Visitor: 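What follows is a structure written as structure tokens; I'll ask about it next.
Worth knowing before you read on, the calculation uses all heavy atoms, side chains too, and leaves out hydrogens, waters and symmetry mates. As the structure is a computational prediction, the values presented were derived from the model and not from experiment. Both ligands and their constituent atoms are indexed starting at 1 by order of listing.
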Amino acid sequence: MSGRNQISLWTMARQRLDEVAQLMHLDPRIHEVLRNCKRVMEVSIPVKMDDGSIKVFIGWRVHHNLARGPAKGGVRYSPTLTLDEVKGLAMLMTWKCAVVDLPYGGAKGGVICNPTELSDGELERLTRRYTSELILLLGPEKDIPAPDMGTDERVMAWMMDTYSMNVGYSVPGVVTGKPVNIGGSRGRREAPGRSVAICVEEAASRLGIRLEGAKVAIQGFGKVGGVVALLLHAIGCKIVAVSDIKGGIYNPNGLDPVKLTAHKRQHKTVSTYRDGDFITNDELLELPCDILVPAAVEGVITNENAEKVRAKLIVEAANGPITMEADSILRDKGVFIVPDILANAGGVIVSYFEWVQDIQQFFWTEQEVNDRLRQVIRRAFGEVWSILRDRGIDMRTAAYILAVSRVAEAIRMRGIYP
Ligand code: NAD
């Protein structure tokens with residue numbers, strides 16, 4: 001299920017595709033291809049636990065569509081993971097790669113487990129066995145996983161090493177989001193937050209929102225939200241609220257993200273920060289502010305609270321933070337939404353840069369990475385904006401039309417085999 005929303009991410013992803021297909025008069029034969037995943041692999045993963053027992057975990061790797069290139073998508077470790085969630089996220093990856101014009105198809109994977117309850121050794125054995133079970137699918141020309149919720153650089157290093165041990169030589173390009181000294185890219189960690197911040201700038205300049213002093217509320221102060229706060233603060237925005245799973249903090253005069261980052265490092269939460277008032281995550285979404293950045297989990301803005309949102313601009317840093325009903329309520333209210341598939345695409349864009357650098361064995365400076373990321377996001381934003389203006393539609397629908405038309409065109413040109 002997607003957060004508090006009752007329908008699964010897969011159902012939601014399909015409904016969004018169906019709506020867009022109708023609007024763009026998509027060839028029904030291609031629509032049918034896109035409504036389905038190309039392949040789903042389910043694996044059982046026996047792991048020797050530290051106490052001597054053996055526990056079997058269930059995992060998946062899903063390829064949604066590979067018409068535009070090899071499979072790309074994260075690996076999620078979560079106790080509540082379902083196949084529908086993985087399939088929905090795989091479809092989302094197809095659109096995300098297409099909207100920013102990367103030569104990839106959409107994929108996603110994951111294992112039902114709670115990584116915080118596993119020892120380092122158990123997590124490593126689980127990751128290595130999961131990778132071995134997927135070995136037929138993986139490879140730099142076939143399927144290139146990356147981190148997602150519950151996985152990180154360390155897990156990617158184990159995946160890369162396991163694949164390399166199986167083939168007999170080092171293959172850094174088989175995963176992205178690796179540590180820099182084994183073939184990771186500079187700037188990868190900050191990339192999703194950086195693309196969100198660039199989208200805030202692009203949207204604000206077109207909507208006439210002055211960023212100097214603009215009030216910003218950010219839900220989720222993690223890898224993405226924390227970077228968004230630092231970058232927007234650096235360009236003059238006032239960060240009035242931030243939160244994490246334990247709750248948030250509000251100060252209408254502005255918070256200092258550098259101090260918040262230090263506080264979080266020391267206390268593992270921002271909710272106990274002194275320089276502001278404690279608020280709940282629900283209250284954060286309804287605060288008086290110019291820009292709202294949901295950067296935590298999916299399904300947080302629903303038909304129950306959408307009416308109370310007061311921001312003029314929402315930039316989706318998290319995947320799927322707004323339910324479909326909430327989306328239309330916000331649209332009717334005139335709230336401008338930059339969708340997740342564009343806003344947080346910085347992660348997969350710099351993953352693409354990492355893969356290119358690994359294949360060429362030629363590494364870029366952080367400035368080169370950041371400059372190229374800005375170029376890609378600005379170009380994609382401009383292309384989506386033109387569709388929005390020409391058709392008089394919202395940004396999410398425009399982004400989907402661009403993405404779906406690119407994938408549909410690739411299928412049409414390649415033809416259906418045999
Ligand atoms: P993270 O785990 O680093 O941070 C998540 C933050 O959200 C933390 O502050 C956590 O405490 C908070 N949180 C968790 N559950 C919450 C809840 N129920 N209510 C309020 N806050 C809650 O994760 P991240 O990498 O920053 O990812 C955040 C979102 O961005 C996810 O939707 C993820 O899919 C998306 N995303 C991440 C990347 C990436 O490369 N990290 C790329 C694209 C999209």
Visitor: Around atom 44 (C) of ligand 1, find the nearest protein heavy atom and jot down its residue, atom name and distance.
Guide: Asn344 ND2, 3.4 Å
Visitor: Any Lys/Arg nitrogen of Asp152 or Lys223 sitting under 4.0 Å from an Asp/Glu carboxylate oxygen of the other?
Guide: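 Salt bridge: no.
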Visitor: Parallel under 30°, tilted from 30 to 60°, perpendicular over 60°: which one fits the rings of Trp364 and Phe353?
Guide: tilted
Visitor: What atoms of ligand 1 come within less than 4.0 Å of a heavy atom belonging to Ala295?
Guide: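 By the 4.0 Å cutoff, the relevant atoms are 28 (C), 29 (C).
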Visitor: Does the N or O separation between Ile245 and ligand 1 drop below 3.5 Å for any pair?
Guide: yes
Visitor: Does any part of the side chain of Ile337, heavy atoms only, come nearer than 4.5 Å to the side chain of Glu316, both counted from C-beta?
Guide: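 The answer is yes, as the side chains (C-beta and beyond) meet within the 4.5 Å cut-off.
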Visitor: Which residue and atom name correspond to the protein heavy atom nearest atom 7 (O) of ligand 1, and how close is it?
Guide: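 The answer is Ala296 CB, 3.4 Å.
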Visitor: Would you call Glu122 and Lys48 a salt bridge, using N to O less than 4.0 angstrom?
Guide: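 Salt bridge absent between Glu122 and Lys48.
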Visitor: Is any N or O atom of Lys96, backbone or side chain, closer than 3.5 Å to an N or O atom of ligand 1?
Guide: no
Visitor: What is the nearest protein non-hydrogen atom to atom 33 (C) of ligand 1, stated with its residue, atom name and distance?
Guide: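 For this ligand atom, the closest protein heavy atom is Asn319 ND2, 4.1 Å.
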Visitor: For atom 4 (O) of ligand 1, what's the nearest protein heavy-atom neighbour? Residue, atom name and distance, please.
Guide: Gly222 CA, 3.3 Å
Visitor: Could you check whether Glu202 pairs with Arg378 (Lys NZ or Arg NE/NH1/NH2 to Asp/Glu carboxylate O, under 4.0 Å)?
Guide: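 Here Glu202 pairs with Arg378 in a salt bridge, since their nearest N and O are under 4.0 Å apart.
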Visitor: Does atom CD of Gln22 have more than 12 heavy-atom neighbours, drawn from other residues, nucleotides or ligands, at distances under 6.0 Å?
Guide: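 Open: at most 12 neighbouring heavy atoms sit under 6.0 Å from CD of Gln22.
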Visitor: Is there a polar contact between ligand 1 and Gln219, counting only N or O atoms under 3.5 Å apart?
Guide: no
Visitor: Any nitrogen or oxygen of Phe221 lying under 3.5 Å from a nitrogen or oxygen in ligand 1? Just yes or no.
Guide: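 In this structure, Phe221 places an N or O atom under 3.5 Å from an N or O of ligand 1.
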Visitor: Quick one about His31 and Asp18 (side-chain donor to acceptor, distance below 3.5 Å, no hydrogens or angles considered), yes or no?
Guide: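 Yes, because at least one side-chain N or O of Asp18 sits under 3.5 Å from a partner of the opposite role on His31.
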Visitor: Answer yes or no for Arg76: is there a heavy-atom contact with ligand 1 below 4.0 Å?
Guide: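 It does; at least one heavy atom falls under 4.0 Å.
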Visitor: Do the non-hydrogen side-chain atoms of Val300 and Asn281 ever get within less than 4.5 Å of each other?
Guide: no
Visitor: Nearest to atom 41 (N) of ligand 1 by heavy atom, Thr151, Val224, Val297, Asp244: which?
Guide: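 Heavy atom nearest to atom 41 (N) of ligand 1 belongs to Val224.
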Visitor: In this structure, does ligand 1 have an atom that sits under 4.0 Å from one of the heavy atoms of Gly347?
Guide: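 Per 4.0 Å heavy-atom rule, Gly347 does not contact ligand 1.
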Visitor: When rounded to the nearest 0.5 angstrom, what is the spacing between CG in Leu137 and OG1 in Thr131?
Guide: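 Those atoms lie 11.5 Å apart.
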Visitor: If hydrogens are left out, which of Met149, Arg188, Lys223 has an atom nearest to atom 3 (O) of ligand 1, that is, the closest non-hydrogen atom?
Guide: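 Answer by nearest heavy atom: Lys223.
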Visitor: Please work out which of the three classes, parallel, tilted or perpendicular, describes the rings of Phe381 and Trp385, given edges at 30° and 60°.
Guide: parallel
Visitor: Answer whether the closest heavy-atom distance between the side chains of Arg194 and Leu373 falls below 4.5 Å.
Guide: yes
Visitor: Heavy atom of Lys264 under 4.0 Å from ligand 1?
Guide: no
Visitor: Using a strict 4.0 Å cut-off to heavy atoms of Ala317, name the atoms of ligand 1 that fall inside it.
Guide: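 So the atoms of ligand 1 that pass are 30 (O), 35 (C), 44 (C).
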Visitor: Hey, is Asn281 touching ligand 1 through its side chain, its backbone, both or neither, going by heavy atoms under 4.0 Å?
Guide: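 The part of Asn281 near ligand 1 is the side chain, not the backbone.
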Visitor: Using heavy-atom distances, let me know which of Gly248, Pro294, Pro192 sits nearest atom 39 (C) of ligand 1.
Guide: Pro192
